[in-house]
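Every chain is numbered from 1 and lettered A, B, ... according to where its sequence line falls, protein lines coming before strand lines.
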Protein chains: 2
Amino acid sequence: MSSLSKDDRARAGILQADDSVFQRWGLTKTTMEDIAREAGKGKSTLYYYFKNKDEVLEALAHIQVARIAALAREETARKETAREQLIAYVYITFREIRRTMAPYDIEREMGSHRAVIDRVLAKFDAENEKAVESILRLGFQRGEFKSIGLRDIKATTRAIVAVIRSLTLNLFIDNQDKQLIDLIIALLSEGL
Amino acid sequence: MSSLSKDDRARAGILQADDSVFQRWGLTKTTMEDIAREAGKGKSTLYYYFKNKDEVLEALAHIQVARIAALAREETARKETAREQLIAYVYITFREIRRTMAPYDIEREMGSHRAVIDRVLAKFDAENEKAVESILRLGFQRGEFKSIGLRDIKATTRAIVAVIRSLTLNLFIDNQDKQLIDLIIALLSEGL
DNA sequence: GACTGGACCAAATTCGTATTTTGGTCGGAC
DNA sequence: GTCCGACCAAAATACGAATTTGGTCCAGTC
């Protein structure tokens, strides 16, 4: 337990250094030596804890996804109705994605780190699915959502998650204005 | 009138050659010489009709957008209710975008032709806005759409168009399965 | 065992330079 | 009006040499 916690602390220190240098130079341009230097460690130490550069990238991104998910969950827990919860979840998720990603230029890095980005997006989808499905179940049990049956919860979850993913990818390429996101959330919630 | 029609015919012949070679080699790799050869003309002839390579690209893309819009409009006209019209419009639009874009690798070409792609997307948005707004107005007048007021038609149009744009961009990057598109359309229509 | 410097290496990248290609212009022919 | 072909500067490509990078591994220290 003690050695595991020390292990985690070492990894965390490295990942903190990662975030700093990746924001400065981008994912591709940053070398393992850069990261080691920033973390005040030797390059061998990085390889002691992480298999390769991609694994460093991915570990950092997963931490960020988990952080955003936790934050959105907290905010959701503060709302009364399932509808409010869904709106809060989506809204906070976007706010945090936008903030977290602001210093990066993902579009530019897409070419060289596609596999990692795909895996991170998959984890992001998984988090969103868990949360959205749970909210939809709550709404269904309470009779808040009239349009969906119990059998449709999974399908509806998939649709909402796909829209979130879609809009998230667009943050990397295109500039979606915040007001539009609000409108889309309202539309998903209320329909026509 | 006769010289205009002849002009259009010449342009159309060039654009047809364009489509062929662009699909074969991609937008960037295709040279003006390639296009001229395929069209059975001299390079100067291209410059007689088009200002530069980007204008050729854009002319072709605009024709395709117009074609898709016309097709979606036809299909829409066959439906009775505004809701059905909206569903048909979005569905056909996606089907045709997917077909038209299948031979191209837009993600790869994004870097060198960003400005053109942005202008084409703007035209695509404009077409969608026109059509969606008109459908929403119809639905409002008929009392089909309960959730939106007259003042909200423009806002709701913007939201729907943004989702269409978002999902369209994702066709270039990510693979959205067809069933998901259906789910999303249903959700936009029915809400939760 | 945890940590790490440093030697090492193949692959990847960078760099400078020469060469070729390309987008675009324009004169002139039909 | 239509369009070929000569021409040109800029852009792109090719190529070889040099450098850097991700990753491996050994041995040493605490």
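Note: CD (A:E33) to P (D:dT19) measures 17 Å, nearest angstrom. Atom CZ in A:F50 sits about 18 Å away from atom C1' in D:dT24, given to the nearest Å. Rounded to an integer number of Å, the gap from CG of B:L27 to P of C:dT22 is 16 Å. As rounded to whole Å, 16 Å separates atom C1' of D:dC25 from atom CG of A:L46. D:dA12 atom P lies 19 Å from atom CH2 of B:W25, rounded to whole Å. One interatomic measurement links the two molecules: CG of A:N52 to P of C:dA11, which rounds to 17 Å at whole-angstrom precision. For the pair B:R11 CZ and D:dT2 C1', the interatomic distance rounds to 15 Å; values are reported in whole Å. Computed from coordinates, the A:I14 CD1 to C:dA2 C1' distance equals 12 Å when rounded to whole Å.
For the 3.5 Å distance criterion, the side chains of A:T28 and A:E109 qualify, holding a donor opposite an acceptor. With 3.5 Å as the limit, one finds no donor-acceptor pair spanning the side chains of A:T100 and A:Q64. No side-chain N or O of A:Y91 forms a donor-acceptor pair with one of A:D182 less than 3.5 Å apart.
Along DNA chain D, the nucleotide closest to B:K43 and the one closest to A:T28 are compared, and the more 5′ of them pairs with B:K43. Nearest-nucleotide assignment on DNA chain D puts the 5′-proximal partner with A:T31, out of A:S44 and A:T31.
Contact annotation for B:K41: backbone-only contact, meaning every heavy-atom pair under 4.0 Å involves sugar-phosphate atoms and none involves a base. Among the atoms of the strands shown, only primed sugar atoms or phosphate atoms (P, OP1, OP2) are found under 4.0 Å from some heavy atom of A:T30.
Checking C:dT4, D:dG22, C:dG24 against the side-chain heavy atoms of A:Y47 singles out D:dG22 as nearest.
For B:Y49 and D:dC3, the shortest distance from a side-chain N or O to OP1 or OP2 is below 4.0 Å. Listed pair B:K53 / D:dA11 fails the phosphate criterion, with no side-chain N or O lying under 4.0 Å from OP1 or OP2. Between A:T45 and C:dA2 there is no side-chain polar atom (N or O) within less than 4.0 angstrom of OP1 or OP2. The phosphate of C:dA2 (OP1 or OP2) has a side-chain N or O of A:Y48 nearer than 4.0 angstrom.
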Would A:K51 and A:E58 count as a side-chain contact (heavy atoms from CB on, under 4.5 Å) here? Give the steps.
CA-CA 11 Å; A:K51 188 166 164 233; A:E58 204 165 323; over 6 Å; no
Apply the test salt bridge (Lys or Arg N to Asp or Glu O under 4.0 Å) to residues A:E38 and A:R24: give CA-CA distance (whole Å), side-chain angles for both, the deciding distance (0.1 Å), then the verdict.
CA-CA 12 Å; A:E38 184 77 17; A:R24 200 178 314 161; 3.5 Å; yes
